[in-house]
Amino acid sequence: MVMSKPVACSRMYNLSPRIRGLWDALFALASSQSGIKLEIIAHAAPAPLSELWARPDLGAVFMCGYPFSRMPEAARPTVLAAPVSSEAWSLDQSLYASHILVASTGPVNAVADLAAARWGWTVRDSQSGYHAARSYLAGRFAGTMKQITTVGPLLNPSGIVAALKDGRIDAGAIDAYAFQLLSMHEHDAIDGLRILATTDPLPAPLLVAAQTLPVDITTALQQSLVTLHETPEGTAVLERLGLRRFSAVAPSAYDILPQRAHDADRRLGIPW
């Protein structure tokens with residue numbers, strides 16, 4: 001049974017209290033413009049994201065494309081929209097990438113060094129923090145890597161950043177949009193780190209709602225999200241989050257992700 005107030009949650013991008021506050025403001029505006037009352041929740045780490053995505057009262061919740069793509073079509077939540085970053089890697093579409101980060105004074109100085117690096121990863125069902133790194137390595141070192149040292153799960157981008165700073169890992173991949181938010185609002189958090197490479201752009205994490213939510217509610221929420229950029233108030237909220245707009249996306253756009261993960265397994269030829 002759907003609760004009277006569907007929940008909204010930016011947990012994937014709740015990188016600090018300040019950043020969460022900006023997301024809360026966006027959800028509050030979307031709620032006001034749609035006429036749909038939302039309960040904005042944190043679902044703070046280390047609570048598993050899988051528990052959040054399984055809730056029957058989802059109203060507007062960020063979900064990674066990889067676990068979404070692995071769900072049977074009949075079981076998938078309803079897709080509302082995906083963000084379009086103002087950064088060049090988005091290609092002005094609802095795409096994102098991962099940045100391969102290293103310590104500025106660490107042992108990794110060039111892409112060639114990554115084959116022997118100690119890699120950190122977030123969780124195994126993360127596109128940005130796990131599969132993107134493996135695809136990147138498979139594309140450059142296929143068949144040549146005999147072994148790899150990894151550290152994980154490090155849970156989220158903050159875990160990768162912390163492990164790089166304290167020297168537990170030499171390299172790690174984090175969501176490029178998460179890095180953008182840190183650069184904008186928490187620059188001290190990424191001090192001493194640098195981007196060595198950026199992976200290919202792929203469909204961005206999406207805002208979803210529970211299948212059980214009435215169609216008129218999901219339609220109102222989607223319409224509110226994809227038109228936020230058309231008002232001065234909405235544009236200001238989006239700009240503070242480094243976004244141009246939200247766009248409607250097709251669920252089928254995410255079906256490429258499991259195949260890419262399978263291809264990385266095959267080309268790498270080593271367990272990770």
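The shown structure was predicted, so the numbers you read here are calculated from the model rather than taken from an experiment. Below, all heavy atoms of this structure are taken into account, side chains as well, without hydrogens, waters or symmetry copies. Quick note: residue numbers are just sequence positions, from 1.
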Worked check of salt bridge (Lys or Arg N to Asp or Glu O under 4.0 Å) between D263 and R260: CA-CA 5 Å; D263 288 346; R260 285 178 61 92; over 6 Å; no

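- When each of W121, W119, Y66 is checked for a ring-ring contact (aromatic ring centres under 6.0 Å, His included) with Y130, only W121 meets the rule.
- Using a 4.5 Å cut-off on side-chain heavy atoms (C-beta onward), E233 and L29 make contact.
- For A204 against Y96, the heavy-atom pair with the smallest separation is CA-CD2, 3.6 Å.
- Counting heavy atoms from C-beta outward, C64 and M12 have side chains that approach closer than 4.5 Å.
- A donor-acceptor pair under 3.5 Å is formed between the side chain of S90 and the backbone N or O of E87.
- Nearest heavy-atom pair across S183 and I190 is OG-CD1, 3.3 Å.
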What's the verdict on side-chain contact (heavy atoms from CB on, under 4.5 Å) for V7 and V61, showing C-alpha distance, side-chain angles and the deciding distance? CA-CA 7 Å; V7 300; V61 172; 4.2 Å; yes

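- Residue R240 comes nearest to L22 through the heavy atom pair O-CD1, 3.7 Å, listed as atom of the first residue, atom of the second, then distance.
- Between the side chains of S16 and E186, at least one donor-acceptor pair of N or O atoms lies under 3.5 Å.
- Contact detail for A178 and L15: the closest heavy-atom pair is O-CD1, 3.4 Å.
- The nearest pair of heavy atoms linking C9 to L52 is SG-CD2, 3.8 Å.
- The main-chain N or O of A74 is found under 3.5 Å from a side-chain atom of Q211 such that the two form a donor-acceptor pair.
- D175 and Y13 share a side-chain donor-acceptor pair at under 3.5 Å.
- Annotation: R124, atom CZ; neighbour count of heavy atoms from other residues, nucleotides and ligands within 6.0 Å is above 12.
- Hydrophobic clustering of Ile, Leu, Val, Met, Phe, Trp and Tyr side chains at less than 4.5 Å, counting indirect connections, unites L207 with L58.
- In this structure, the side chains of L114 and V108 come closer than 4.5 Å at one or more pairs of heavy atoms.
- To the nearest 0.5 angstrom, I19 atom CD1 is 12.0 Å from D24 atom CG.
- Judged purely by atom type and a 3.5 angstrom limit, S31 uses its side chain to pair as donor or acceptor with the backbone of I36.
- L38 is not listed as a side-chain neighbour of K5, based on a closest heavy-atom distance of 4.5 Å or more.
- For H131 (side chain) and P258 (main-chain N/O), no donor-acceptor pair under 3.5 Å exists by modelled atom type.
- The closest side-chain heavy-atom distance from S34 to Q223 is not below 4.5 Å.
- Side-chain atoms of D170 come within 3.5 Å of backbone atoms of R118 as a donor-acceptor pair (strictly under, hydrogens ignored).
- Using a 4.5 Å cut-off on side-chain heavy atoms (C-beta onward), I270 and K146 make no contact.
- Taking the six-membered ring for Trp and the full ring otherwise, W53 and F68 have centroids separated by 6.0 Å or more.
- If you chain together hydrophobic residues whose side chains sit under 4.5 Å apart, F62 and L241 fall into the same group.
- The line from CD1 of I100 to CG of L196 is 8.0 Å long, rounded to the nearest 0.5 Å.
- Transitive grouping of hydrophobic side chains (ILVMFWY, heavy atoms separated by less than 4.5 Å) keeps V226 and L26 in distinct clusters.
- Between the side chain of S126 and the backbone N or O of V123 there is no donor-acceptor pair closer than 3.5 Å.
- To the nearest 0.5 angstrom, L213 atom CG is 10.0 Å from T219 atom OG1.
- A distance-only check finds a donor-acceptor pair linking the side chain of R11 to the backbone of H43 [under 3.5 Å].
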Quick one, L202 with Y254, criterion side-chain contact (heavy atoms from CB on, under 4.5 Å). Give me CA distance, side-chain angles, the key distance, then yes/no. CA-CA 8 Å; L202 290 167; Y254 296 83; over 6 Å; no

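- Residue L164 holds its CG atom at 10.0 Å from OG of S104, rounded to the nearest 0.5 Å.
- A donor-acceptor contact shorter than 3.5 Å links the side chain of T231 to the backbone of G234.
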Could you go step by step and tell me if L137 and I148 meet the side-chain contact (heavy atoms from CB on, under 4.5 Å) rule? CA-CA 11 Å; L137 287 174; I148 189 167; 3.8 Å; yes

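- Judged as a salt bridge (Lys or Arg N to Asp or Glu O under 4.0 Å), and not counting sequence neighbours, the contacts of D92 are R244, R245.
- In terms of modelled atom types and a separation under 3.5 Å, the side chain of S32 and the main chain of A28 share no donor-acceptor contact.
- No hydrogens or angles considered: a donor-acceptor pair under 3.5 Å links the side chains of H99 and T198.
- Between F179 and L101 there is a side-chain heavy-atom pair separated by less than 4.5 Å.
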Verify ring pair (Phe, Tyr, Trp, His ring centres under 6.0 Å) between Y177 and W89, making sure each step is shown before the conclusion. CA-CA 9 Å; Y177 177 56; W89 42 256; 7.0 Å; no

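- The two atoms that bring S98 and A173 nearest to each other are CB-CB, 4.2 Å, heavy atoms only.
- For R76 (side chain) and M71 (main-chain N/O), a donor-acceptor pair under 3.5 Å exists by modelled atom type.
- Under a hydrophobic clustering in which Ile, Leu, Val, Met, Phe, Trp and Tyr are joined whenever their side-chain heavy atoms come within less than 4.5 Å, directly or via other members, I169 and I195 fall into the same cluster.
- Distance check, rounded to the nearest 0.5 Å: CD of Q33 to CD of E230 gives 9.5 Å.
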Between I41 and R55, does the side-chain contact (heavy atoms from CB on, under 4.5 Å) criterion hold? Intermediate values first, please. CA-CA 12 Å; I41 64 172; R55 288 180 60 143; 3.6 Å; yes

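- Using a 4.5 Å heavy-atom threshold, the side chains of S10 and F27 count as touching.
- Follow the hydrophobic side-chain contacts under 4.5 Å out from W23 and you reach L49 in the same cluster.
- Atom-to-atom distance recorded for D191:CG and L182:CG is 11.5 Å, nearest 0.5 angstrom.
- With no hydrogens or angles considered, a side-chain donor-acceptor pair links S86 and Q180 at under 3.5 Å.
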